[in-house]
**Q** 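The structure's right below; bear with me while I get my questions together.
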Amino acid sequence: MDNQKYEPMTSQQVCEEFEHAIKEKQFVAYFQPQYNHSTGMMIGAEALARWIHPERGLISPGIFIPAIEESKQIVELDFYIFEYTCAFIQKCMRDNLHIIPISSNFSRYDIFQDRFVEKLEQIRNRYGVPSKYLRVELTESVAMEREIEVNGIITKLNELGYLVEMDDFGSGFSSLNVLKDISFNIIKIDMKFMSSITQNNRAGIILNSVVRMAQWLGMPIIAEGVETKEQANFLGSIGCDYIQGYLYEKPLPEEILYGMIQDGKLGKFYSEKELIDHLDACTFWTPESLDTLIFSNYVGAAVVFEYNEGKVKITRVNKKYLKELSMNLSEKEVIEGDILDQMDEEDRKKYISTLECAIKSQDEEECETWRNIKSACCGDDRLFIRSSIRMIGKCKKNYLFYAMVRNITAEATRMSSLLKTERQFKVVSEHANIYYWEYTIATKEMRPCFRCIRDLGFPPLVANYPEPVFEWGVFPSDYADMYRDWHKQIANGVKSLEAIIPLTADRVPFFVRYTTEFDETGNPIKAYGSATMVV
Ligand code: C2E
Ligand code: CA
Ligand code: CA
């Protein structure tokens with residue numbers, strides 16, 4: 001069988017040989033698996049017709065489909081491939097294998113004929129395959145021709161449990177309106193239509209808006225013709241995880257797919273690690289590349305820098321980075337500055353060790369450091385920056401890093417003043433012989449101060465307060481009813497309470513006080529208790 005020996009088949013030859021060939025079962029379906037790129041799991045497949053010609057060998061649909069579409073013989077082939085698919089699923093069911101749903105292609109001549117749905121049902125029932133495993137693919141051009149009828153067919157199929165996919169979305173006929181006017185369940189976008197829109201890298205922008213619109217409409221998207229990891233990652237980054245294409249698998253003969261399912265080979269995971277190895281750092285520098293598009297438009301504050309034996313050189317920042325530092329810096333100022341020079345000794349060590357961790361782990365690593373930043377316009381300031389750092393490329397001893405940053409100076413300052421207050425409070429209360437605690441009304445939880453924990457052996461969180469303090473003997477039993485009643489009053493909204501109570505087994509007199517805290521609507525939420533020794 002050698003294709004080379006033959007002149008290509010003419011349309012006439014195809015049509016003449018077709019009837020005989022289909023009777024002889026020369027047609028088969030190849031199945032191309034679809035994967036969820038984020039989990040690596042096989043989630044479905046598409047049935048694609050192949051003609052195993054006794055003399056010419058394997059013939060692709062590109063050769064014979066246009067001819068038999070013209071002659072309408074396609075109808076016979078489509079039902080044949082659908083039946084082939086049902087037989088395959090039946091076999092998987094019989095052998096108790098994991099079942100993946102399989103889509104079949106249908107042409108305009110199929111769906112607009114009388115009893116299209118009934119014919120499908122007849123075949124499906126003959127094989128006893130549940131309709132949830134069978135999907136119908138229609139091209140968008142077919143759908144647009146006779147919108148109302150197509151909607152009727154989709155409704156009928158949906159009622160019977162089939163899902164309907166719009167094939168080749170974006171191939172030229174469609175506008176985004178088709179998405180909302182025709183009630184398809186799933187959209188398929190072919191990357192080959194996308195790559196034809198290369199000018200100004202509009203492909204990425206268009207793809208992104210299609211994916212977003214589909215998400216608003218609650219429609220899953222399958223990207224077809226995905227050949228590279230960069231494409232797959234870009235798709236993932238804009239929320240499109242389902243992928244069909246040579247990157248994962250070519251269309252496979254049924255026995256190969258059967259073998260994969262039988263061996264449980266349902267996952268094919270392109271780990272992050274592998275992706276880094278394949279990331280082509282060069283594409284990052286071309287303004288038209290997808291990476292550039294993502295960097296400039298779709299991520300938060302980010303910086304790219306090279307690291308070589310203790311030296312860092314910033315090579316690229318996005319606008320959001322400048323905004324995050326909020327010092328009105330220009331890109332030039334940032335690129336000329338040295339990240340490590342901005343840090344004191346300890347933070348510099350911390351930052352470098354984070355870079356080294358990121359090289360080893362090939363994963364995202366995080367660190368927080370202070371930086372002294374000079375800006376021509378705003379003078380000097382000290383900022384506390386959280387960086388999530390990842391290595392994206394490597395050349396000899398030169399490493400390329402990508403960092404997402406957040407300016408957390410305000411949080412850090414607030415935290416440190418809080419710590420300071422707490423420290424001061426500790427010192428004061430140590431001198432004042434004061435015990436204090438926080439009581440949450442809704443949960444009956446009590447959080448004691450450090451002195452209660454240290455001197456009285458309280459756990460950091462006391463549940464079902466105040467019951468345990470009677471058991472522990474901190475509050476004497478003759479005061480139990482009164483103290484229980486206080487908690488009822490607090491829950492009812494009393495503002496404050498106070499009394500002298502003899503505490504512990506030694507019955508030392510303490511001045512015990514509660515102050516209640518209310519929310520905006522006036523409901524009591526917490527109460528703050530304190531006990532001061534009466535001298
Ligand atoms: P299609 O429905 O858009 O199917 C996808 C085509 O893209 C398949 O070509 C598949 O092999 C190819 N493909 C998948 N991944 C990649 C990739 O990563 N890169 C590239 N370059 N191509 C990829 P195939 O099998 O040659 O089918 C061509 C077309 O023929 C199909 O396009 C479909 O329109 C039609 N066709 C195939 N089988 C049937 C059928 O049973 N009935 C009908 N009505 N049409 C069919
Ligand atoms: Ca298709
Ligand atoms: Ca397609």
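Ligands are counted one by one from 1 in listed order, and the atoms in each one are counted from 1 as well.
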**Q** Can you list the ligand 1 atoms lying under 4.0 Å from a non-hydrogen atom of Pro251?
**A**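 What qualifies from ligand 1 is 11 (O).
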**Q** Within the structure, does at least one protein heavy atom fall under 4.0 Å of atom 45 (N) of ligand 1?
**A**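 Yes.
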**Q** Give the atom name of whichever N/O/S atom in Glu224 sits closest to the Ca ion (ligand 3).
**A**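 In Glu224, the N, O or S atom with the shortest distance to the Ca ion (ligand 3) is OE1.
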**Q** Got a donor-acceptor contact below 3.5 angstrom from the Arg50 side chain to the Val28 backbone?
**A**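 No, because the side chain of Arg50 does not come within donor-acceptor range (under 3.5 Å) of the backbone of Val28.
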**Q** Distance-only, no hydrogens or angles: does the Asp347 side chain make a donor-acceptor pair with backbone N or O of Thr369 under 3.5 Å?
**A**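 Between the backbone of Thr369 and the side chain of Asp347 there is no qualifying donor-acceptor contact (under 3.5 Å).
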**Q** Can you sort out which atoms of ligand 1 are near Ile81, meaning under 4.0 Å from one of its heavy atoms?
**A**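 Heavy-atom distances to Ile81 below 4.0 Å select 41 (O).
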**Q** Decide whether an N or O pair under 3.5 Å exists between Asp78 and ligand 1.
**A**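 Such a contact does occur with ligand 1.
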**Q** Can you confirm whether something in the protein, heavy atoms only, sits under 4.0 Å from atom 32 (O) of ligand 1?
**A**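 Neighbour list for atom 32 (O) of ligand 1 is empty of protein heavy atoms (cut-off 4.0 Å).
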**Q** Please identify which of these residues, Glu368, Glu411, Glu324, meets the side-chain hydrogen bond (donor to acceptor under 3.5 Å, both in side chains) condition with Arg406.
**A**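 When side-chain hydrogen bond (donor to acceptor under 3.5 Å, both in side chains) is applied between Arg406 and each of Glu368, Glu411, Glu324, only Glu411 qualifies.
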**Q** Do Ile221 and Phe169 have side chains that get closer than 4.5 Å, going by heavy atoms?
**A**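 When only atoms from C-beta onward are counted, Phe169 and Ile221 do not touch, as no gap falls below 4.5 Å.
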**Q** Compute the minimum heavy-atom distance from Ser60 to ligand 1 and say whether it is under 4.0 Å.
**A**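 The answer is no, since Ser60 has no heavy atom less than 4.0 Å from ligand 1.
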**Q** Can you confirm whether the side chains of Ser103 and Glu165 place a donor and an acceptor under 3.5 Å from each other?
**A**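 There is such a pair between these side chains.
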**Q** Closer than 3.5 angstrom, by distance alone: can the side chain of Thr409 be matched with the main-chain N or O of Phe384 as a donor-acceptor pair?
**A**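 Flag set: sc Thr409 to bb Phe384 pair under 3.5 Å.
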**Q** Heavy-atom contacts under 4.0 Å between Asp168 and ligand 1: side chain, backbone, both, or neither?
**A**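 Answer for Asp168: side chain.
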**Q** Less than 4.0 Å between a side-chain N and a carboxylate O, is that true for Asp168 and Lys188?
**A**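 Looking at Asp168 together with Lys188, the answer is no, because their closest N to O distance does not fall below 4.0 Å.
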**Q** Salt bridge between Glu118 and Lys156, side-chain N to carboxylate O under 4.0 Å?
**A**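 Salt bridge present between Glu118 and Lys156.
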**Q** Please determine whether Glu46 has a backbone or side-chain N, O or S atom lying under 3.0 Å from the Ca ion (ligand 3).
**A**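 Checking Glu46: none of its N, O or S atoms is under 3.0 Å.
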**Q** Please confirm whether Lys250 approaches ligand 1 to less than 4.0 Å, judged on its heavy atoms.
**A**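 No heavy atom of Lys250 comes that close to ligand 1.
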**Q** Does Ile65 approach ligand 1 within less than 4.0 angstrom via side chain, backbone, both or neither, non-hydrogen atoms only?
**A**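 Side chain only; the backbone of Ile65 stays clear of ligand 1.
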**Q** Could you tell me the residue and atom name of the protein heavy atom closest to atom 15 (N) of ligand 1, and the distance to it rounded to 0.1 Å?
**A**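 The closest heavy atom on the protein side is Gln32 NE2, 2.9 Å.
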**Q** Just jot down the ligand 1 atoms closer than 4.0 angstrom to any heavy atom of Glu46, in number order.
**A**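 Those of ligand 1 that fall under 4.0 Å from Glu46 are 2 (O), 4 (O).
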**Q** Indicate whether any N or O donor in one side chain lies under 3.5 Å from an N or O acceptor in the other, for Asn158 and Thr155.
**A**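 No donor-acceptor contact under 3.5 Å links the two side chains.
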**Q** If I consider every N, O or S atom in Asp168, which one ends up closest to the Ca ion (ligand 3)? I only need its name.
**A**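 Checking each N, O and S atom of Asp168, the shortest distance to the Ca ion (ligand 3) belongs to OD1.
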**Q** What part of Asp110, side chain from CB on, backbone N/CA/C/O, both or neither, has a heavy atom under 4.0 Å from ligand 1?
**A**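 The answer is neither; Asp110 stays 4.0 Å or more away.
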**Q** State whether the side chain of Asp241 and the backbone N or O of Asn36 hold a donor-acceptor pair below 3.5 Å, judged by distance alone.
**A**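 A pair under 3.5 Å: no.
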**Q** Between Ile74 and ligand 1, which part of the residue brings a heavy atom under 4.0 Å of the ligand: side chain, backbone, both or neither?
**A**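 The side chain, only.
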**Q** Examine Tyr133 together with Tyr127 and report whether their ring centres are nearer than 6.0 Å.
**A**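 That pair fails the under 6.0 Å test.
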**Q** Ignoring hydrogens and angles, state whether a donor on the side chain of Tyr402 or Glu364 is under 3.5 Å from an acceptor on the partner side chain.
**A**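 Absent: no donor and acceptor within the cut-off.
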**Q** Considering distance alone, does some N or O of Tyr246 sit under 3.5 Å from an N or O of ligand 1?
**A**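 Yes; the residue has a nitrogen or oxygen that sits under 3.5 Å from a nitrogen or oxygen of the ligand.
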**Q** So is Gly62 in contact with ligand 1, going by heavy-atom distances below 4.0 Å?
**A**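 Heavy atoms of Gly62 never come under 4.0 Å of ligand 1.
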**Q** Might you check, step by step, whether the distance between atom 6 (C) of ligand 1 and some protein heavy atom is under 4.0 Å?
**A**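 Flag for atom 6 (C) of ligand 1 set to false, no protein heavy atom closer than 4.0 Å.
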**Q** Side chain of Gln32, backbone of Gln244: donor and acceptor closer than 3.5 Å?
**A**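 No; zero donor-acceptor contacts below 3.5 Å.
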**Q** Give me the residue, atom name and distance of the protein heavy atom closest to atom 21 (N) of ligand 1.
**A**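 It is Glu227 OE2, 3.0 Å.
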**Q** Taking Ser60 for the side chain and Gly62 for the main chain, is one N or O donor matched with an acceptor at less than 3.5 Å?
**A**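 Such a contact is absent between Ser60 side chain and Gly62 backbone.
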**Q** Can you name the N, O or S atom of Glu137 that is closest to the Ca ion (ligand 2)?
**A**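 That would be atom OE1.
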**Q** Using the ring centroid of each side chain, check whether Tyr258 and Phe31 are separated by less than 6.0 Å.
**A**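 No - the distance between ring centres of Tyr258 and Phe31 does not fall below the 6.0 Å cut-off.
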**Q** Do any N/O atoms on Ala49 end up under 3.5 angstrom from N/O atoms on ligand 1?
**A**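 Min N/O separation from ligand 1 is below 3.5 Å for Ala49.
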**Q** With a cut-off of 4.0 Å, which atoms of ligand 1 are near a heavy atom of Pro61?
**A**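 Close to Pro61: 24 (P), 25 (O), 26 (O), 27 (O), 28 (C), 30 (O), 37 (C).
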**Q** Is Asn105 close enough that one of its N/O/S atoms sits under 3.0 Å from the Ca ion (ligand 2)?
**A**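 A backbone or side-chain N, O or S atom of Asn105 is under 3.0 Å from the Ca ion (ligand 2).
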**Q** Verify the contact flag for atom 9 (O) of ligand 1, where contact means a protein heavy atom under 4.0 Å away.
**A**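 Within 4.0 Å of atom 9 (O) of ligand 1, no protein heavy atoms are found.
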**Q** So which of the N, O or S atoms of Asp167 lies nearest the Ca ion (ligand 3)?
**A**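 Distance check against the Ca ion (ligand 3) picks out OD1 in Asp167.
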**Q** For side chain to side chain donor-acceptor pair (under 3.5 Å), just list the numbers for Gln73 and Ser71, CA-CA rounded to whole Å, side-chain angles, deciding distance to a tenth of an Å, and then say yes or no.
**A** CA-CA 5 Å; Gln73 287 163 300; Ser71 66; 2.5 Å; yes
**Q** If you round to the nearest 0.5 Å, how far is CZ of Phe106 from OG1 of Thr139?
**A**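 That separation rounds to 13.0 Å.
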**Q** Identify, for atom 4 (O) of ligand 1, the protein heavy atom at the shortest distance, and state residue, atom and that distance.
**A**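 In this structure, atom 4 (O) of ligand 1 has Leu48 CD2, 3.4 Å as its nearest protein heavy atom.
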**Q** Quick one: look at Lys192 and ligand 1, take heavy-atom pairs under 4.0 Å, and tell me if it's side chain, backbone, both or neither.
**A**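 No part of Lys192 is near ligand 1 at this cut-off.
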**Q** Quick check on Lys188 - does any of its heavy atoms sit under 4.0 Å from an atom of ligand 1?
**A**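 Under 4.0 Å: no for Lys188.
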**Q** Report, in ascending order of atom number, the atoms of ligand 1 lying under 4.0 Å from any heavy atom of Val226.
**A**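 Checking each atom against Val226, I get 18 (O).
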